[in-house]
Amino acid sequence: AEFEAMFMIPTFVGTSIITTSVSAAVILKETAWLAWWRLLGYWFGILLVVSGLVIIAKDARYQLGGCREPDGARQMQAARPLNGSGGSGTVNVVSCINIGDQETQD
């Protein structure tokens, strides 16, 4: 499957930040002498990065699934080129419309 740079780059950088931060805390014991409030802030920052990655992953899954909502509702997907030519180098804008029990694909 193809993924856009808006998914791949934040995923790579986010997992790198998480891996580095957790290994610094666990293996190198970099957080051993931090005050409790700094330690709390450190782990809160890591949790914030993890939650951002979860949001990005859910959005990528939604985009790859052909506009399916998490609850399984079917939707119609319509794509149109931004510049109107439809040639190479154009960006498609995808909009999803809930159509109930009907399934429509282009």
Side-chain angles (χ1 to χ4, degrees):
E2 287 187 24
F3 292 102
E4 294 183 19
M6 294 297 291
F7 171 74
M8 292 303 294
I9 293 171
T11 302
F12 176 76
V13 173
T15 54
S16 176
I17 290 170
I18 292 168
T19 304
T20 304
S21 302
V22 171
S23 65
V26 174
I27 296 171
L28 300 176
K29 308 234 187 280
E30 293 283 335
T31 59
W33 304 106
L34 288 180
W36 69 270
W37 57 275
R38 288 185 184 244
L39 187 61
L40 184 68
Y42 184 83
W43 288 108
F44 177 73
I46 293 172
L47 181 66
L48 195 63
V49 173
V50 170
S51 64
L53 288 176
V54 168
I55 291 170
I56 290 173
K58 283 186 177 184
D59 184 56
R61 181 177 162 196
Y62 174 74
Q63 292 296 329
L64 286 176
C67 292
R68 290 196 178 267
E69 289 290 331
D71 64 356
R74 294 182 184 145
Q75 295 186 345
M76 181 175 67
Q77 179 177 353
R80 60 179 172 82
L82 277 178
N83 65 2
S85 66
S88 64
T90 61
V91 177
N92 287 334
V93 176
V94 177
S95 59
C96 299
I97 304 163
N98 190 358
I99 58 170
D101 290 335
Q102 300 173 356
E103 186 170 347
T104 304
Q105 293 184 355
D106 291 333

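In this text, all values refer to a predicted model and were calculated from it rather than measured experimentally. Residues: numbered from 1 along the sequence shown.
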For Trp37, what are the other residues in its hydrophobic cluster, where any two members join if their side-chain heavy atoms are less than 4.5 angstrom apart? Trp36, Leu40

Sequence neighbours excluded, the answer for side-chain contact (heavy atoms from CB on, under 4.5 Å) partners of Ile18 is Val22, Val49, Val50, Leu53

I'd like to check the side-chain contact (heavy atoms from CB on, under 4.5 Å) partners of Ala57; sequence neighbours left out, ordered by chain and number. none

List for me each residue that meets side-chain contact (heavy atoms from CB on, under 4.5 Å) alongside Ile56, sequence neighbours excluded, and say none if there are none. Phe7, Pro10, Thr11

Short question: side chain of Ser51, backbone of Leu48 - any donor-acceptor pair under 3.5 Å? yes

List in chain and number order the residues that pass side-chain contact (heavy atoms from CB on, under 4.5 Å) with Thr31, two or more places apart in sequence or in another chain; answer none if no residue qualifies. Ala25, Leu34, Leu39, Tyr42

Whether Thr20 side chain and Ile17 backbone form a donor-acceptor pair below 3.5 Å: no

